[in-house]
Every structure is written in structure tokens, then in C-alpha cells.
Amino acid sequence: MPFQNSSSWTRKQKLILTGVVVVLLGTMTVFVVLGLLRVGRKKTPTAEEQQWKGRGTTEHLVEIVLGRCYNFITTINSELRNKDCLRVWKLFEQAFLYKDPCSMTKEDYQPLMDLARYSIPCNKSLFWSKTYDLAHHYTKTNHDFLTLEDTLLGYIADGITWCGNPSDSGVNYESCPKWTECENNPSSVYWKLASKMFAETSCGTVQVMLNGSTATGAFRKSSIFGSVEIVNLNPEKVSKMQIWLMHDIGGLQRESCTGHSIAQLREILENRNISVSCEDNYRPAQLLQCTRNPNHTACTVCS
Ligand SMILES: *[C@@H]1O[C@H](CO)[C@@H](O)[C@H](O)[C@H]1NC(C)=O
Ligand SMILES: *[C@@H]1O[C@H](CO)[C@@H](O)[C@H](O)[C@H]1NC(C)=O
Ligand SMILES: *[C@@H]1O[C@H](CO)[C@@H](O)[C@H](O)[C@H]1NC(C)=O
Ligand SMILES: *[C@@H]1O[C@H](CO)[C@@H](O)[C@H](O)[C@H]1NC(C)=O
């Protein structure tokens, strides 16, 4: 049936043509977007670029930050659905692009901080120090609590690295300064500001998960928690801090709620009119530790 054949050929050709147009349009869009967002400018490494001891800027930074932002405002906290993620990325990028990664200032990030600010419900803030895994595991299973990394600013930057380069593409993909190399590096300044904002916006009863198995003491004044967060809690909004002092299951119990560094923390908070309670091995969090150590005596049902 020649007629049918020719009509199916036409359909096929139409399909191919449509396919080609779609691919072309798609490619053009990608290039336009990439151009707008200044990505993909990774250059071959040069000796000067490997000047720092830390990991370089995470590859696909723009896709990660943008994707996380959209994920956050769409599936994690839809009250923020009107936040402009493209602008979040732009302000994030502008903060460090082409800048010397040891001379970052809080002004660099101020526009981003202002854009990303929102209020956190009372009683939900969970601070942490040296308990990253357990604290985040806990907030993933219990949505009554939020860590900084469960807020927009913490979420978009969790686990990634970024820093500027005054020349080339403006981004250093080879290396970035470690916290110990210079204090005012892009990550340190960012995390201090985001932590400060998290503490300032906290209210009601707040909690902190500390590590009672570390050699350096569960509470350290030099940590972000000790140097940024507790000093930025507003005693007019925050009435109480609950300390959850966690020990590694089967590990050393170097400090308990009666320990020296906990007493120091208690004193600092009470002087600021914030009352304190402390609980060793807060059971709901300990049960998560127990999923990896089901046979340990601390994990048996009636311990
Ligand atoms: C926060 O906790 C306090 C004390 O337990 C309680 O009185 C208050 O209603 C709680 N606030 C919210 C918003 O849940
Ligand atoms: C306490 O700190 C040690 C060393 O950093 C770490 O290996 C351990 O997982 C931490 N424990 C908890 C409960 O977070
Ligand atoms: C703490 O509260 C008491 C009584 O409510 C008040 O007199 C004192 O000034 C407060 N201290 C601080 C540091 O706010
Ligand atoms: C826990 O104990 C049971 C029974 O004694 C044993 O079969 C199981 O392999 C143990 N699990 C772990 C993780 O050690």
C-alpha cells in the first residue's frame, strides 16, 4: 500500500524534524543558562592555583546550590516557595567570585543573608558540636527539631567547598584555604554568619547535642557553638537550653552532665538568663546509635 507507506514516511520525517528542533532548542537553552550562570569555566590547573591546603571548589557548584535551593523551597519547606533561588545563587556567587579567599568579610554575604532570612518555629532549634552525624540523623527521623543544615542557608552549603580566585575564571577549583590557613575564608565567614542568624532567630526552648566521648571536652568555647551560637541567642526569646550529652556506644565516656566543660556552659548560659538542663544519652537519639550496635547492653530494651 504505497499511499500508507508514504504517509508513514512523512510522519517519521516529521518526528525526526521535531526531534532535531527539540535537541537544538535544548542545547541553546543549556548554553544560554550556562552563560548566565558562568559555569563550566574550569581551566587547566596552574601552579599558582594550587596554593591552598584545602579541597578546591566543588565541581558543578551552580547546579548543586540551585538544585538544593529549589528542592528546599519545593519539597522541604514550601512556605518558602516564593524565595528566588536564582537570586540566592547569584548573591552566593557574587559574594566570593574573583575575591581573595582570605579576605572575605561579612558584608560580602550580607545581601544573601538578608534574602535567605526567615523565621524558625519556637522550640525546634537543635545546635550540635562534634555530633554532626547523629544530630542530622536524628532530625531526619524527628521533624520536631531542626539543625542549621535543615534551614535554607545550611542546606544549600552543607558539605561543599567554594572559594574565589582574583584571576582566571574567578573561581578556584584546585584548592581553597583551610580554616587553619586563614580565618576569613569563604566557608568560615559563611558558616559563622549562617550560625549567627540561626541562633538569633531561635526561640523558646532550644537544644544542643554534644559529644561526651571527645578528648577535648564536650563543650569548647572556641567551637562555632561556643563562640558564635550561644552568644547570639536572645535571652528575651530563648528561655531554656536542653543539653543532650551523647556517648559513643561502646566507646569512652569522657564527660557526663556533671563534667567540667558542661559546668562552664551552664554558667555562661545562666549568666545570660537562659536556664539549662542536661541529659546523658538522650534516649531517642541513643536509639538511633543502637541501630548500629543492637547487641550492646546500652541498647537492650530495659537498660
Ligand atoms: C515551646 O515550649 C514551651 C515549654 O515547653 C511551651 O510552653 C510552648 O508552648 C512551646 N511553643 C511552641 C510554639 O510549641
Ligand atoms: C564524637 O566524636 C568522635 C570524634 O570526633 C566521633 O568519632 C564520634 O562519632 C562522635 N560521637 C557522636 C555521638 O557524635
Ligand atoms: C536576668 O533576669 C533578672 C531577673 O529577671 C534581671 O534582673 C537581670 O538583669 C537579667 N540579666 C540579664 C543579663 O539579662
Ligand atoms: C547480635 O546477637 C545475635 C544473637 O546473639 C547474633 O545472631 C547477631 O549476629 C548479633 N549482631 C551483631 C550486629 O553483632
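When a ligand or atom number is given, it counts from 1 through the structure's own listing order.
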Any heavy atom of Thr214 sitting closer than 4.0 Å to ligand 2? yes
Can a protein heavy atom be found under 4.0 Å away from atom 2 (O) of ligand 1? yes
Can you check atom 5 (O) of ligand 1: any protein non-hydrogen atom closer than 4.0 Å? no
Quick one: closest heavy-atom pair of Ser195 and Val228, and the distance? CB-CG1, 4.1 Å
At less than 4.0 angstrom from any non-hydrogen atom of Lys130, what atoms of ligand 2 do you find? 1 (C), 2 (O), 10 (C), 14 (O)
Parallel, tilted or perpendicular, as decided by the 30° and 60° cut-offs, for the rings of Trp162 and Phe92: tilted
Taking all atoms of both residues into account, what is the closest heavy-atom pair of Leu61 and Phe96, and its distance? CD2-CZ, 3.8 Å
Ligand-residue contact atoms, ligand 2 with Thr131, heavy atoms, under 4.0 Å: 14 (O)
Does Tyr138 share a hydrophobic cluster with Met241, counting links as ILVMFWY side-chain heavy atoms below 4.5 Å and allowing steps through other members? no
Shortest non-hydrogen contact from Ala135 to Leu126? O-CD2, 4.1 Å
Is ligand 2 under 4.0 Å from a heavy atom in the side chain of Gln289, in the backbone, in both, or in neither? side chain
Does Lys237 have more than 12 heavy atoms from other residues, nucleotides or ligands lying within 6.0 Å of its NZ? yes
With the threshold set strictly below 4.0 angstrom, can you tell me whether any protein non-hydrogen atom sits that near atom 9 (O) of ligand 1? no
For the residue pair Phe145 and Trp244, categorise the inter-ring angle as parallel (less than 30°), tilted (30 to 60°) or perpendicular (more than 60°). perpendicular
Going by the 4.0 angstrom heavy-atom rule, the piece of Asp248 near ligand 2 is side chain
Can you find a side-chain donor-acceptor pair between Asp168 and Tyr173 that sits under 3.5 Å? no
closest protein heavy atom to atom 13 (C) of ligand 1 is Cys122 CB, 4.0 Å
Using a 4.0 Å cutoff against the non-hydrogen atoms of Asn123, which atoms of ligand 1 qualify? 1 (C), 2 (O), 3 (C), 8 (C), 10 (C), 11 (N), 12 (C), 14 (O)
So is Ser213 polar-close to ligand 2, meaning N/O to N/O under 3.5 Å? no
